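Just below is one structure, and these are the notes that go with it.
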Amino acid sequence: MPQPRNLAGAQYQPTQHVQAAPAADRCKAPALPAALGPLSAEPAETLAAYPDILGPGDRLRVDVSGDRDVLSHDYVISANGSLTINGSVTISAAGRSSAAVAQELRERLVAAGLIRDIANNLRLVPTERAGVAVSVEGAVFEPGVIVAGDRSNEVRATTVANPALGDFNNGRSLATAIRAAGGLRPDAALDAVYLVRGDRYARIDLSPVLGGVEGSDGSGGLPVDPQLARGDRIIVPSAGCFQTRLVRPSPVTAPGIRVYMSNLSRPAASNASSAIGRDSTSLPYGTRFLQGLISANCVGGSAMNAGRSAVLISHNPLNGHSVVIARKVEALVRDADRDEVDPYLMPGDAIACYDSTAMTFVDAVGVVGNLLGPAVLVKSLKP
């Protein structure tokens with residue numbers, strides 16, 4: 001089949017080029033995003049050490065000494081961030097620590113004459129942490145607003161039925177939010193992820209998640225992974241180059257991808273007969289083109305049809321250009337330099353198989369035979 005034409009610069013990966021891959025683009029340290037210029041910078045460790053911030057949907061337990069089911073109840077912070085106690089006292093709770101909310105609540109209840117001014121006679125404890133809406137921008141596969149730490153109805157019912165003094169929602173972390181936004185793209189600047197909260201921001205190095213992996217900086221251990229608050233912004237700049245080390249499942253990348261497949265080559269008359277279903281099109285992140293072709297049952301078979309061709313349809317997230325890559329299947333199987341021209345599959349990619357030259361010739365002969373057969377028959381029947 002003729003090589004597909006692509007716009008200049010459409011290739012996202014070095015392995016997408018027809019010939020051996022050229023020298024890989026050098027990664028460059030991204031500049032500070034312009035939106036962060038007026039804000040104050042602080043160390044990532046400082047931001048991670050802040051008390052858990054309350055948000056809408058959080059459930060709180062208020063206990064007042066000597067009170068029986070009048071003020072002492074479980075309360076939920078409303079959608080506008082306010083907390084109303086027994087319909088009489090309303091305070092702003094979202095975006096603040098539980099200690100600060102407890103202090104103001106005690107002062108307001110004392111001023112209203114609802115409780116006495118006795119030390120330590122009011123206790124406020126979060127019993128359920130709800131999900132928080134945050135924005136994830138930049139070099140991720142699905143940027144936008146996501147709800148980090150959103151729990152299913154079954155989990156929430158279990159939490160309410162088994163109350164505890166305190167709760168920890170591990171889904172409200174930076175790494176979980178990035179993964180919920182599709183995970184880091186291979187061009188992401190792993191060591192320069194920004195978390196913005198109000199008028200402050202912190203630069204966070206996520207390189208330790210790849211500790212011990214070839215191509216990593218060798219720094220193992222655990223990265224700084226702050227708990228998130230409603231309205232936080234996560235900005236992931238691009239390093240401007242394709243990094244193979246990021247094409248693997250990790251706490252900040254996609255665990256798996258969905259790929260569209262089509263195999264209508266002989267002897268398969270449809271995708272169903274090729275055993276292409278949901279399981280075969282859901283692949284681990286890091287799968288290469290040749291592995292995807294095997295999942296599509298496009299490799300092997302008779303000698304006449306083994307020399308199939310296949311195409312990979314992808315796009316470049318840096319400039320939005322689509323790219324179509326054609327490869328000889330047997331060349332990917334037999335050539336020693338296959339790794340240089342065997343692209344990684346990205347989320348939403350599509351692959352399709354085409355019959356070999358031999359099978360195309362057989363089909364052409366069959367078409368000619370079908371056309372000539374009736375004419376020969378009619379001629380033989382003439383007197």
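Quick note: residue numbers are just sequence positions, from 1. Model, not experiment: these values are computed from the prediction. Any value given below was found using the heavy atoms of this structure, including those in side chains, with hydrogens, waters and symmetry copies removed.
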message: Can you confirm whether more than 12 heavy atoms, excluding those of Asn319, are under 6.0 Å from its CG atom?
response: yes

- prompt: For the hydrophobic clusters of this structure (ILVMFWY residues joined by side-chain heavy atoms under 4.5 Å, transitively), does one cluster hold both Leu318 and Leu312?
  reply: yes

field: Side-chain H-bond candidate by donor/acceptor type, Gln291 with Tyr344, under 3.5 Å
entry: no

- request: Give a yes or no on whether Leu114 and Ile85 share a hydrophobic cluster (residues Ile, Leu, Val, Met, Phe, Trp, Tyr; joining criterion: side-chain heavy atoms under 4.5 Å apart).
  value: yes

field: Modelled atom types, side-chain donor and acceptor of Thr281 and Arg258, under 3.5 Å
entry: yes

message: Using 0.5 Å steps for rounding, measure from the CZ atom of Arg308 to the CD atom of Glu330.
response: 8.5 Å

message: Run Glu104 and Arg96 through salt bridge (charged side-chain N to carboxylate O under 4.0 Å, His left out) and show every step you take.
response: CA-CA 11 Å; Glu104 181 181 353; Arg96 306 172 63 188; 2.5 Å; yes

field: Residues clustering with Val196 (ILVMFWY side chains joined when closer than 4.5 Å, directly or via others)
entry: Leu32, Leu36, Leu39, Tyr194, Tyr201, Ile235

query: Which atoms form the tightest heavy-atom contact between Pro251 and Val209, and what is the distance?
result: CD-CB, 4.4 Å

query: Are Asp74 and Val62 close enough that some pair of their side-chain heavy atoms sits under 4.5 Å apart?
result: no

query: Under the 3.5 angstrom rule, does the side chain of Gln16 hit a backbone N or O of Ile325 as a donor-acceptor pair?
result: no

- request: Say whether Asp342 and Thr15, considering side chains only, have a donor N or O and an acceptor N or O under 3.5 Å apart.
  value: no

message: Between Arg59 (side chain only) and Glu128 (backbone N and O only), is there a donor and an acceptor less than 3.5 Å apart?
response: no

message: Can you confirm whether Tyr50 is buried at OH, in the sense that more than 12 heavy atoms of other residues, nucleotides or ligands lie under 6.0 Å from that atom?
response: yes

query: Do you know which two heavy atoms are closest between Ser78 and Pro56, and how far apart they sit?
result: O-CB, 3.4 Å

- request: Give a yes-or-no answer on whether the side chains of Asn86 and Tyr75 include a donor-acceptor pair shorter than 3.5 Å.
  value: no

Test item: Val76 and Asp58 side chains (from C-beta on) under 4.5 Å apart, heavy atoms: no

field: Spacing of Ile351 atom CD1 and Cys298 atom SG [to the nearest 0.5 Å]
entry: 7.5 Å

- prompt: Hey, is the main chain of Ala331 close enough, under 3.5 Å, to the side chain of Arg334 for a donor-acceptor pair?
  reply: no

- prompt: Under a single-linkage definition using a 4.5 Å side-chain heavy-atom cutoff for Ile, Leu, Val, Met, Phe, Trp and Tyr, are Ile53 and Val101 assigned to the same hydrophobic cluster?
  reply: no

Donor + acceptor pair across side chains of Ser207, Asp191 (<3.5 Å): no

message: Is there a path of hydrophobic side-chain contacts, each under 4.5 Å between heavy atoms, that joins Ile91 and Leu60?
response: yes

- prompt: For Leu71, does its backbone N or O pair with a side-chain atom of Asp67 as donor and acceptor, under 3.5 Å?
  reply: yes

query: Mind checking whether Leu124 and Val70 sit in one hydrophobic cluster, side chains of I, L, V, M, F, W, Y counted as touching below 4.5 Å?
result: yes

task: Decide yes or no for Glu45 and Val224: does some side-chain heavy atom of the first lie under 4.5 Å from some side-chain heavy atom of the second?
output: yes

- prompt: Got Pro186 and Met346 here, is their nearest side-chain heavy-atom distance under 4.5 Å?
  reply: yes

- prompt: Looking at side-chain heavy atoms only, is the closest gap between Asp205 and Pro223 below 4.5 Å?
  reply: no

statement: Residues Leu332 and Leu290: closest non-hydrogen pair is O-CD2, 3.7 Å

message: Looking only at the side chains, is there a donor atom on one of Thr90 and Ser82 sitting less than 3.5 Å from an acceptor on the other?
response: no

Beyond-backbone contact of Val132 with Asp150, side-chain heavy atoms, under 4.5 angstrom: no

Minimum side-chain heavy-atom gap Tyr12-Asp187 below 4.5 Å: yes

task: Determine whether more than 12 heavy atoms belonging to other residues, nucleotides or ligands lie under 6.0 Å from atom CZ of Arg106.
output: yes

message: So Leu210 and Leu190, do their side chains get closer than 4.5 Å, heavy atoms only?
response: yes

message: Exactly one of Arg172, Arg197, Gln227 should register a side chain to side chain donor-acceptor pair (under 3.5 Å) with Asp232. Which one does?
response: Arg197

field: Donor-acceptor pair between Ser40 and Glu42 side chains, under 3.5 angstrom
entry: no

task: Please name the pair of heavy atoms, one in Gln243 and one in Ala188, separated by the smallest distance, quoted to 0.1 Å.
output: NE2-O, 2.7 Å

